[in-house]
Number of protein chains: 2
Amino acid sequence: MARDIQERIKKLIIDRRLAPGAPLPTETDLMELLGVSRNSVREALKALQAMGIVEIRHGFGTYVGPMSMAPMTEGLAFRTVAGHYRGEDSLLQLLELREAVETGLIARLAGQVPEAALAELDELVGRMAAEAAEGAVRADTDRAFHAALYRGLGNRLLSEVLDAFWEAFHRVRTDLAGLGADPRVTHRQHAEILAAVRDGDALRAEQAVRSHFDNIRLRLRSSGQK
Amino acid sequence: MARDIQERIKKLIIDRRLAPGAPLPTETDLMELLGVSRNSVREALKALQAMGIVEIRHGFGTYVGPMSMAPMTEGLAFRTVAGHYRGEDSLLQLLELREAVETGLIARLAGQVPEAALAELDELVGRMAAEAAEGAVRADTDRAFHAALYRGLGNRLLSEVLDAFWEAFHRVRTDLAGLGADPRVTHRQHAEILAAVRDGDALRAEQAVRSHFDNIRLRLRSSGQK
DNA sequence: CTAGCTCAGTTGGTTAGAGCAGCTGACTCT
DNA sequence: AGAGTCAGCTGCTCTAACCAACTGAGCTAG
């Protein structure tokens, strides 16, 4: 029955064509509308909130959620942490998921990235160089580079999924292993990826991405032996 | 605070190294353990259930969930349906997400698939032929083909993610557009993919996968004009 | 007249206690 | 020995009350 309530609220969003950010009926209204107690309504909303379908703001109201990939990030991260503590190589699997997908995509991107995006990537690589000189590349910069790179594929859903993978990996990594790659190597590898993509050399681009992931994997293995 | 309860339950799973299927404390126990009311415990559990982190069985108990990708499938499907009804081409985006990822992966697979897996794929293509002769290829068969294909990459997480994409797409497609591809074309295209992979011809394999998706896209467009 | 404050009203958050419903396992009767 | 029953766990739903966050109208001070 609880399942049923969730479905009916979802149906309500669909039927009313509610866009993300649109207000939903109050808990009291939903009570009457669905003919169940407030408690049940709240449990259903909590579940929908966990899936990112609704957004609840205390003292303000309930709204249609952003439908982002945040819940997926959350779930992936937890699954990976839980697996890690039980002796699985879940973090490595997550990294290899990213590697498999990103190396597969980079070839299609080579030579296809518009000038504006290349300029943005140039700026990010420049920032990496500056940050490397000061000791460590900021995580945000790395994330922005990957996001800007695959934005060129022109699929927002794909971009969000890749970003979710990135974030899940990053969160688990900083939680478990002390993060730490040689910032100068990181900078050099990103510069190489960008150069290959700019030249339209698909094979070299793929090799560059693979090297980048090899580097991360190496760091993971060395710090993970505890 | 509700957020806090969820985190503490998650922490409990991590700290106790609980594997999927392991029993969690009862609601009453969690009440005392966390020092909150039964209601709050239940709301937290509902949210965790929605994320697949716990599994609740009425009259039996609460258990650590399978941590599958099912919640992601759920979320993706809803996001796509909601977007579709609001006039977005969300279903097409989901298809292109699959296309981008699968065409990227197939090249790495060409010539690398062990004989046992090829035999399994042969069997599935054979089943497709039989089903096509009877009118329509069963969805399960198509799903099994894609699953068996990418299983060869040796990453369970990756396989689950791809399968989740497949299922989300399939569910939305059958919900929205009347499903319907020419079953003989479907069979032929899968046979071609398998042949190219067996020959180790990466380019041909990629082209075959792309054709397959082109075919689906075409059907989508023609039935989606309502 | 305006800027800022206060307070009432709305909305979600939390608690408490009661009874319902599904499942298991032991106990009993045949 | 086997099948039926019942007691006890478990989670599920409801009601009723109060707490906490936010908004906005109205009031007060400048």
Side-chain angles (χ1 to χ4, degrees), chain A residues 1-13 16 18-68 70-71 74-75 78, chain B residues 1-13 16 18-68 70-71 74-75 78:
Chain A
M1 172 174 187
R3 204 76 188 172
D4 185 54
I5 300 177
Q6 286 180 41
E7 290 304 321
R8 285 206 277 168
I9 296 178
K10 283 205 241 174
K11 192 169 182 324
L12 188 146
I13 295 176
R16 297 192 182 175
L18 298 178
L24 251 57
T26 67
E27 293 184 351
T28 315
D29 289 344
L30 283 173
M31 261 175 72
E32 301 176 357
L33 198 62
L34 305 177
V36 295
S37 81
R38 179 146 175 241
N39 222 320
S40 302
V41 169
R42 283 184 54 74
E43 286 182 10
L45 286 176
K46 275 282 174 189
L48 293 175
Q49 183 187 37
M51 293 189 275
I53 290 177
V54 307
E55 191 181 346
I56 304 176
R57 277 186 269 173
H58 187 175
F60 197 48
T62 310
Y63 299 82
V64 178
M67 314 222 187
S68 73
E74 202 70 33
F78 182 80
Chain B
M1 172 175 185
R3 204 76 188 171
D4 184 53
I5 299 177
Q6 286 181 41
E7 290 304 321
R8 285 205 277 168
I9 296 178
K10 284 205 241 173
K11 191 169 183 325
L12 188 146
I13 296 176
R16 297 192 183 175
L18 298 179
L24 253 55
T26 68
E27 293 184 350
T28 315
D29 289 344
L30 283 174
M31 261 176 72
E32 301 176 356
L33 197 61
L34 305 176
V36 295
S37 81
R38 178 117 183 264
N39 222 319
S40 301
V41 169
R42 283 186 53 74
E43 286 182 10
L45 287 176
K46 275 282 173 189
L48 292 175
Q49 184 187 36
M51 292 190 278
I53 292 177
V54 307
E55 190 180 347
I56 304 177
R57 277 186 269 173
H58 186 174
F60 198 49
T62 309
Y63 299 81
V64 177
M67 314 224 186
S68 73
E74 202 71 32
F78 182 80

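Throughout, protein chains are lettered first and strands after them, A, B, ... in sequence-line order, and every chain is numbered starting at 1. All of these numbers come straight from a predicted model, not from anything done at the bench.
Contact check, B/Arg57 against D/dG11: no side-chain N or O comes under 4.0 Å of OP1 or OP2. Between B/Thr62 and D/dT10, a side-chain N or O to OP1/OP2 separation shorter than 4.0 Å is absent. The side chain of A/Ser40 places an N or O atom within less than 4.0 Å of a non-bridging phosphate oxygen (OP1 or OP2) of D/dC14.
In the set D/dC12, C/dT14, D/dC14, C/dT14 carries the atom at the smallest distance from any side-chain atom of B/Met1. Checked against C/dT15, C/dG13, D/dC14, the side chain of B/Val36 finds its nearest nucleotide in C/dT15. When each of D/dT13, C/dT15, D/dG11 is scored by its nearest atom to the side-chain atoms of A/Ala2, the top-ranked nucleotide is D/dT13.
The CG-P distance, from A/Asn39 to C/dG12, rounds to 14 Å in whole Å. With rounding to whole Å, A/Arg38 atom CZ is found 11 Å from D/dC19 atom C1'. Rounding to whole angstrom units, CE of residue A/Met31 and P of D/dA16 are separated by 9 Å. Between the OH atom of B/Tyr63 and the P atom of D/dG11 there is a distance of 9 Å, given to the nearest Å. What separates NE2 of B/His58 from C1' of D/dC9 is a distance of 11 Å, to the nearest Å. In this entry the distance linking CD of B/Glu43 with P of D/dT13 reads 13 Å, nearest Å. For the pair B/Ile5 CD1 and C/dT14 P, the interatomic distance rounds to 6 Å; values are reported in whole Å. Atom CZ in A/Phe60 sits about 11 Å away from atom C1' in D/dG24, given to the nearest Å.
Annotation: A/Arg16, atom CZ; neighbour count of heavy atoms from other residues, nucleotides and ligands within 6.0 Å does not exceed 12.
To the nearest 0.5 angstrom, A/Arg8 atom CZ is 14.0 Å from A/Ile13 atom CD1.
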Quiz item: Could you go step by step and tell me if B/Ile5 and B/Leu30 meet the side chain to side chain contact (heavy atoms under 4.5 Å, CB included) rule?
Solution: CA-CA 10 Å; B/Ile5 299 177; B/Leu30 283 174; over 6 Å; no
Quiz item: Going through the checks in order, is the side chain to side chain contact (heavy atoms under 4.5 Å, CB included) test met by B/Val36 and B/Met31?
Solution: CA-CA 5 Å; B/Val36 295; B/Met31 261 176 72; 5.8 Å; no
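The minimum heavy-atom distance between B/Asn39 and A/Glu43, with the atom names listed, is OD1-OE2, 4.3 Å.
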